[in-house]
Novice: 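There's a structure below that I have some questions on.
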Amino acid sequence: MFSRFSRAARRPTSPDLVTAWERLDAGDVPGALRLLRQADAAPLAEVALVVGRAAATAGFDDLRTAASALSAHPDRPQALYDYGYACVERGVSHLAVPALREAVRQTGSVAVLRELVSAYEDEGRHRDAADALLAHEAVLADWPDRYLLVYNALLAGDLEQARHRHALLPAPDEDLWRGAHDRLNRMLRRAASAQEAGALDDTDLRGWQFVMGGTVLGTVSPYGFDAGMTGRFAWLHDTHGQCLAGLVRLRAVLDAAGVRARSVSLLPDRDSRILGLAAAEVLGLPAEPFEAGRQDTVVVAYDLGATAGDPRGAAALEHLRERVPGQVLHEHAGCWTDPPPVAADSVTLLHQSAVAPWAGGLRQGADGGVEQGDADPRPEEEIAASVVAADPEPDEGDGRTPADPVEGVAAFVTTVRDAWLRGDRDAVRSTGPVGSSRFL
């Protein structure tokens, strides 16, 4: 498989790339690709050697071919573009950026620039995307280029730039872009409301979560706030008390918005049914199986990503993309690194990886080692009762997270109430302008 590499006896010489090559010797493709994140300034021809070998191991023939061409001809614009395009298509956009950036420098091509912007967006590098577009402003078309400038300026937290450019952007002539235009209008309306409710700066996670998707964030993580997480959890082993605290905050959100639900709707996956039964007790409402057209109901999900992985849950989420009047979707544990296909109205917390309290998580064994625990086998109703009976007092954390009382959430909702009640929700696959460690 690697005969062409071995015949040429070509190996990288840059230290990071040598280490990545050694990871490939050990069969660790993910580890090698992680190391390449640190090699942004390494010679492209050498990076392509490593990527080509990794692609061959993974069976990605398109990327292997493109990487081979780039390693042989790193100065050719077509080779740079083909390699960058293949990297984006294979989900390794961070590897595409240096090649596409060089291709743009050589050619000034708007088509290549758009691919570079796509790679930046995949990586959450919205400031870089906006700057790349501004550097070539003279050749930009209104759609999609100037739209992309507004969108990326907004997600970079540059509201002044986004609003200025948005005012100059005409409505699209093609139906292809009308949805994007409408989404941009919604996001800017929500930004105006969120600015009234808080600082909307690079630490205002609740504000930017609302701007991006229309979702109200109930709690912030008490750990690592000033170390890059800014209120997000990385790995979380959830507790019954944290679930209850989230439901208490959901009740505060509904009260502040003046929502008067008549039922709690239970989604079909087990985690969501457990939490939904607990929510019914906390909210004092009857619990009923989810029905698409039911109005004035709170639909409760534990983790929408997990719900989407359940065949019946996926069907339910299709109906929830457009909600009927009075239908509120609440998610307890929302994944910020891989957002779900449907944006919730309310989410308790944001995590990278979470284990439900009743799932079989890791625990310390009798010998002091780590072992897989057993899932709680009790009926859903009994586990839900344990949630309702739990202590909802928050974890004090590391002491470096700003206070986040329930009254603060209620005040936020009171301020953005009109915008929230419009029901405009957008599933935006970005962390937005609030800085965070990516923990890859």
Side-chain angles (χ1 to χ4, degrees), residues 16 33-44 47-48 51 70 77 80-81 83-141 143-166 169 180 183-184 187-188 191 200-205 208 211-212 228-230 232 336-339 428-440:
D16 287 338
L33 295 180
R34 282 195 297 270
L35 283 172
L36 292 182
R37 280 194 175 276
Q38 306 166 16
D40 189 61
L44 276 170
V47 173
V51 172
L70 182 61
L80 291 162
Y81 176 78
Y83 169 82
Y85 181 86
C87 286
V88 172
E89 289 296 296
R90 289 299 184 178
V92 284
S93 294
H94 62 287
L95 298 175
V97 167
L100 292 172
R101 198 165 49 203
E102 175 61 16
V104 170
R105 188 192 69 80
Q106 290 186 22
T107 67
S109 165
V110 175
V112 180
L113 175 63
R114 290 169 185 163
E115 197 64 32
L116 174 61
V117 168
S118 176
Y120 277 139
E121 288 183 351
D122 285 350
E123 290 296 295
R125 295 171 61 176
H126 300 290
R127 181 71 271 167
D128 288 331
D131 287 346
L133 289 161
L134 283 169
H136 297 82
E137 187 173 7
V139 297
L140 299 183
W143 292 88
D145 307 321
R146 296 185 193 279
Y147 152 74
L148 290 172
L149 175 55
V150 179
Y151 179 72
N152 282 284
L154 177 59
L155 289 182
D158 190 348
L159 277 170
E160 181 179 359
Q161 178 82 266
R163 286 169 173 154
H164 171 67
R165 300 288 174 171
H166 180 257
L169 182 67
R183 179 181 66 175
L184 195 58
M187 292 174 71
L188 286 166
L200 205 58
D201 58 13
D202 59 3
T203 66
D204 187 2
L205 184 63
W208 282 108
V211 172
M212 291 190 297
M229 297 306 290
T230 331
R232 300 178 179 92
W336 62 270
T337 54
D338 187 16
V428 176
R429 300 188 66 81
S430 170
T431 59
V434 179
S436 62
S437 302
R438 296 188 65 87
F439 285 90
L440 295 173

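Side chains included, hydrogens not; waters and symmetry mates left out as well; all remaining heavy atoms used. Here the structure is a predicted model, which means the values were calculated and not measured.
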Novice: Under the 3.5 angstrom rule, does the side chain of S93 hit a backbone N or O of A96 as a donor-acceptor pair?
Specialist: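 The answer is no, because no donor-acceptor pair under 3.5 Å joins these two groups.
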Novice: Indicate the atoms forming the closest heavy-atom contact of V434 with D201, along with that distance.
Specialist: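 Taking V434 first and D201 second, the nearest heavy atoms are CG2-O, 4.4 Å.
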Novice: Taking atom CD of E89 and atom OH of Y85, what is their separation to the nearest 0.5 Å?
Specialist: 4.0 Å
Novice: May I ask you to decide if L154's main-chain N or O and D158's side chain share a donor-acceptor pair within less than 3.5 Å?
Specialist: no
Novice: Kindly compute the distance separating NE2 (H94) from CD (E123), expressed to the nearest 0.5 Å.
Specialist: 6.5 Å
Novice: May I ask you to say whether D122 pairs ionically with R429, meaning some side-chain N is under 4.0 Å from a carboxylate O?
Specialist: no
Novice: Would you indicate whether the side-chain heavy atoms of R37 and L95 approach each other to under 4.5 Å?
Specialist: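 Sidechains of R37 and L95: no contact.
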Novice: How close do L188 and R163 get, counting heavy atoms only, and between which atoms?
Specialist: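 Between these two residues, the closest heavy atoms are CD2-CG, 4.2 Å.
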Novice: Which heavy atom of L140 sits nearest to which heavy atom of R146, and what is that distance?
Specialist: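 The answer is O-NH2, 3.3 Å.
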Novice: Less than 4.0 Å between a side-chain N and a carboxylate O, is that true for R165 and E160?
Specialist: no
Novice: Taking the side chain as C-beta and beyond, is there a heavy-atom pair between T431 and W208 under 4.5 Å?
Specialist: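 Heavy-atom side-chain distance check fails, nothing below 4.5 Å.
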Novice: For the CG atom of N152 and the NE2 atom of H126, what is their distance to the nearest 0.5 Å?
Specialist: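 Taking CG in N152 and NE2 in H126, the distance rounds to 6.0 Å.
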Novice: Taking the side chain as everything from C-beta on, heavy atoms only, tell me whether L44 gets closer than 4.5 Å to P98.
Specialist: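 In contact.
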Novice: Which residue pairs pass the side-chain hydrogen bond (donor to acceptor under 3.5 Å, both in side chains) test with at least one member in residues 110-120, sequence neighbours excluded?
Specialist: R114-D145
Novice: Passes side chain to side chain contact (heavy atoms under 4.5 Å, CB included), Q161 versus L134? Steps please.
Specialist: CA-CA 11 Å; Q161 178 82 266; L134 283 169; 3.7 Å; yes
Novice: Testing the basics here: between L200 and A191, what is the closest heavy-atom pair and its distance to 0.1 Å?
Specialist: CD2-O, 3.8 Å
Novice: Any chance you could measure L169, atom CG, to L184, atom CG, to the nearest 0.5 Å?
Specialist: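 With rounding to 0.5 Å, CG (L169) is 7.0 Å from CG (L184).
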Novice: Using the side chain to side chain contact (heavy atoms under 4.5 Å, CB included) rule, take L155 and M187 through it: C-alpha gap first, then chi angles, then the decisive distance, then the call.
Specialist: CA-CA 10 Å; L155 289 182; M187 292 174 71; 3.8 Å; yes
Novice: Search all heavy atoms of P433 against all heavy atoms of D202 and return the closest pair with its distance.
Specialist: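 For P433 and D202, the tightest heavy-atom pair comes out as O-CB, 4.1 Å.
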Novice: Between CG of L159 and NE2 of H166, what distance do you get to the nearest 0.5 Å?
Specialist: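 Answer for the CG-NE2 pair, L159 versus H166, is 12.5 Å.
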Novice: When rounded to the nearest 0.5 angstrom, what distance separates CG in L36 from CG in D16?
Specialist: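 If I round to the nearest 0.5 Å, the distance is 8.5 Å.
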Novice: Do side-chain atoms of R127 reach the backbone of G157 as a donor and acceptor pair under 3.5 angstrom?
Specialist: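 Checked: no pair found.
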Novice: By ring pair (Phe, Tyr, Trp, His ring centres under 6.0 Å), which residues pair with Y147, not counting sequence neighbours?
Specialist: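 Listed in chain order: W143, Y151.
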Novice: Of all the heavy-atom pairs spanning L149 and A130, show the shortest one and how long it is.
Specialist: CD1-O, 3.7 Å
Novice: Less than 4.5 Å apart, any side-chain heavy atom of V97 and any of R125?
Specialist: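 They are in contact (side-chain heavy atoms under 4.5 Å apart), so the answer is yes.
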